[in-house]
Peer 1: 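Okay, handing you the structure first.
Residue numbers begin at 1 in each chain, while the letters A, B, ... track the order of the sequences. Worth knowing before you read on, the calculation uses all heavy atoms, side chains too, and leaves out hydrogens, waters and symmetry mates. Every value quoted in this text rests on a predicted model; they were computed, and no experiment measured them.
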Amino acid sequence: MGGDFLLRIEDTDLDRSETRYEKQLIEDLRWLGLDWDEGPGDPATGTPDKGAHGPYRQSERLGIYAELTERLLAEGKAYRCFCTQEELEAERELAAKEHGPQIYSGRCRALSQATIDENLAAGKPFAVRLKIEDRPLRFHDLVRGEVEFAAETVSDPILVRSASGVSSGVPVYNYVVTIDDALMEITHVIRGDDHISNTPKQVAIYEAFGWPVPEFAHLSTILGADRERLSKRHGATSISTFREMGYLPEALVNYLALLGWGAEDGKTETFTLKELTKAFSLERVTPSPAIFDFDKLNWLNRHYLKLADPARLAALSWGYFGDRLPARDAAPETVQSWFDRMLAVLVPYVDHLDQLPDKAAMIFGFDVEVARADEENATVLAADSARIVLSELATHARAHSGQVTPEVLKAWMNEIKAATKIKGADLFHPVRIALTGSQSGPMFDKLIPLIEEGAALGLGAIGVRERIERFVGV
RNA sequence: GUCCCCGUCGUCUAGCCCGGCCUAGGACACCGCCCUUUCACGGCGAUAACACGGGUUCAAAUCCCGUCGGGGACGCCA
């Protein structure tokens, strides 16, 4: 797909819009690698808008909306509605009782000029509504085909909120997006399918102004594992949460593209952003809702973790260790290089980067009590063979001085095997638990040097011999 | 309640528009085997789906109708 990408800030809700939301949104888009061709500038730094369709904040476009509303009113395509909240509420209740459609009756449509003037003079607050013409409202949807709503099922939409006095209030979202989409020459309106029922109203607005109706594409909802709409309960809901968890943006983008879309060959699943912009097509988007699957996201993230540049991973990962490590730019070169090698060993064991400190506990942060408390470890340790293996191990460790290399450990284990006839998992598991506190993990010849080096660097890591001593209790 | 959208393996999907090539393809997860003196990674393999009922047709996952199920909208929120 090609085209221009304009960023517009929709901040017509006075109460809900705050600059920090705008900042967050922009930060999220940047992180995902989505860059726009046109968009708002930053008043704080004096950066001007970029593009010829500005301003890009709806709060800065109020004058445009007001002018267009006057035009609609003058042409009789919109009207003032003096109904109060209570009156509208009563209408709705009545409709519900009679099993009819819950739409506005349109009773202010036919107010006489005299009544209108009277109300205006009395300072009665009014909203502006669009007059829905009595003909079917149709639009073309790239993912669903032709969609049609009968006029009698569509309520006269509020365009501008009421306000007391002469000045009209703030226009509503459905109205201003339509205006902005038209004025900004948006050709494709792509959004969630919860907007489908807003669309006929927007089509009516395009028609009232005599503007061409754009293409629509309504994407299906993303559901949680319980088939409910994705929400806080399901874990991560905001882009920044995924970032904080240590997901790579390319993994998220790739996964999201796969939710509701399949490549033309029906097989390819991994795409870079660049490949996606070429391969993606709205026509191939599926209309049915999709359930968000963390397993598959994790698989993709592991895939991109393997491909990622080590220096980039180091920069991304360092922060997860908090005060267990010195600040990265203050850390000695020896520590940085040790960290890099540790990452190379550990990253294949995680789904996302925030799991790293937990995995790194086997290298630094070793704790005998925690290791013993683990239920599965305790089961392994309870076996007679495990006791024998550990006591033999301790004997070797006591007799040894200096650093323990993988070769030394290997020799010990071979001797234990020969002396006790204990082998395989029965031999390996107790040793691994005593050394790392875990039954699984990288090969010893990768792990041991990292442990010994970590201990030598004074990062709170305990060396191999001391681990054995503490564990067996000399 | 009214209107709208949706319904292929547990999950994401290919196929559906242009019926036969579909004894329904791929991926994730699960399970098994191999590799590993452990576990994971990796490699190999297996299980697993056209919501249901009618109709059209020589032939239907594909076209038509109905039923059921799920979701959304019904706001002077976005």
Side-chain angles (χ1 to χ4, degrees), chain A residues 10-13 15-17 58 81 83-85 88-89 92 95-104 125-129 141 143-145 147-150 152-155 157-163 169-177 191-201 218 220-221 223 225 227-229 255 258-270 283-284 286-300 302 306 347-350 359 380 410 413-414 417 422-433 436 438-444:
Chain A
E10 310 193 326
D11 54 354
T12 52
D13 188 335
D15 304 325
R16 284 209 292 178
S17 68
Q58 291 181 332
C81 174
C83 294
T84 63
Q85 297 292 349
L88 294 173
E89 186 55 39
R92 264 181 236 123
K97 214 190 302 179
E98 293 180 346
H99 306 305
Q102 295 206 8
I103 61 172
Y104 173 60
F126 64 89
V128 177
R129 284 186 190 265
D141 191 302
V143 349
R144 285 154 223 270
V147 183
E148 181 179 309
F149 287 77
E152 58 272 23
T153 65
V154 181
S155 204
I158 299 265
L159 264 22
V160 182
R161 297 173 173 92
S162 64
V170 182
V172 303
Y173 162 83
N174 261 304
Y175 180 45
V176 297
V177 257
R191 47 170 33 166
D193 65 0
D194 49 335
H195 284 283
I196 292 181
S197 32
N198 284 331
T199 310
K201 297 177 185 177
H218 287 102
S220 63
T221 319
L223 308 175
R227 300 195 162 270
E228 295 284 325
R229 252 170 133 180
Y255 177 68
L258 253 30
L259 261 192
W261 175 81
E264 216 166 337
D265 65 5
K267 290 188 165 74
T268 313
E269 305 223 79
T270 55
E283 288 80 1
R284 289 188 61 80
T286 47
S288 51
I291 294 173
F292 195 98
D293 181 10
F294 277 94
D295 282 332
K296 188 136 187 182
L297 205 217
N298 287 343
W299 168 72
L300 271 169
R302 290 195 300 267
K306 280 176 212 154
V347 164
Y349 283 82
V350 301
K359 292 289 174 197
V380 173
K410 197 168 185 177
M413 291 182 69
N414 280 332
K417 185 163 72 175
I422 298 168
K423 58 182 167 125
D426 290 339
L427 171 63
F428 231 87
H429 272 143
V431 176
R432 184 175 272 284
I433 292 171
T436 69
S438 167
Q439 290 185 60
S440 63
M443 313 248 282
F444 276 154

Peer 1: To the nearest angstrom, how far is A:Tyr173 atom OH from B:rC77 atom C1'?
Peer 2: 10 Å
Peer 1: What's the gap between B:rU56 and B:rG19 when it is taken at their C1' atoms, as a whole Å value?
Peer 2: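 Taking atom C1' in both B:rU56 and B:rG19, they lie 11 Å apart.
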Peer 1: Ring-plane angle category for A:Phe428 and A:Phe444, please: parallel below 30°, perpendicular beyond 60°, tilted otherwise.
Peer 2: parallel
Peer 1: Between B:rA78 and A:His195, is there a base-stacking contact, meaning the centre of the base's six-membered ring lies under 5.5 Å from the residue's ring centre while the planes stay under 30° apart?
Peer 2: yes
Peer 1: Listed by chain and number, what are the side chain to side chain contact (heavy atoms under 4.5 Å, CB included) partners of A:Glu98, not counting sequence neighbours?
Peer 2: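 A:Glu98: side chain to side chain contact (heavy atoms under 4.5 Å, CB included) contacts with A:Leu94.
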Peer 1: Would you kindly give the CD1-to-P distance between A:Ile196 and B:rG72, to the nearest whole Å?
Peer 2: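 So the CD1-P distance, A:Ile196 to B:rG72, works out to 12 Å.
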Peer 1: Could you give the distance separating B:rG32 and B:rC41 at their P atoms, to the nearest angstrom?
Peer 2: 13 Å
Peer 1: From the options B:rU37, B:rC76, B:rC6, select the nucleotide whose nearest atom is closest to the side chain of A:Val172.
Peer 2: B:rC76
Peer 1: Assuming nearest nucleotide by heavy-atom distance, tell me which of A:Leu427 and A:Ala150 is located more 5' along RNA chain B.
Peer 2: A:Ala150
Peer 1: Using atom CZ of A:Phe149 as one end and atom C1' of B:rC5 as the other, report the distance to the nearest whole Å.
Peer 2: 8 Å
Peer 1: Counting only side-chain heavy atoms from C-beta out, which of B:rC39, B:rC76, B:rC5 sits nearest to A:Tyr349?
Peer 2: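 Nearest listed nucleotide: B:rC39.
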Peer 1: What's the gap between B:rG66 and B:rG71 when it is taken at their P atoms, as a whole Å value?
Peer 2: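 Rounded to whole Å, the distance is 22 Å.
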Peer 1: So if I define the base as every atom that isn't primed, P, OP1 or OP2, how would nucleotides 8-18 of chain B read as a B/S/- string at a heavy-atom cutoff under 4.0 Å?
Peer 2: ---SBSSS---
Peer 1: A:Pro101 has a side chain; which of B:rU2, B:rG7, B:rA78 sits nearest to it?
Peer 2: B:rU2
Peer 1: Decide yes or no, distance alone: a donor-acceptor N/O pair under 3.5 angstrom between the base of B:rC74 and the side-chain of A:Ser155.
Peer 2: no
Peer 1: If you find the nucleotide of RNA chain B closest to A:Thr84 and the one closest to A:Arg302, which residue's nucleotide is nearer the 5' end?
Peer 2: A:Arg302
Peer 1: Quick one: list whatever passes ring pair (Phe, Tyr, Trp, His ring centres under 6.0 Å) with A:Trp261, sequence neighbours left out.
Peer 2: A:Phe271, A:Phe280
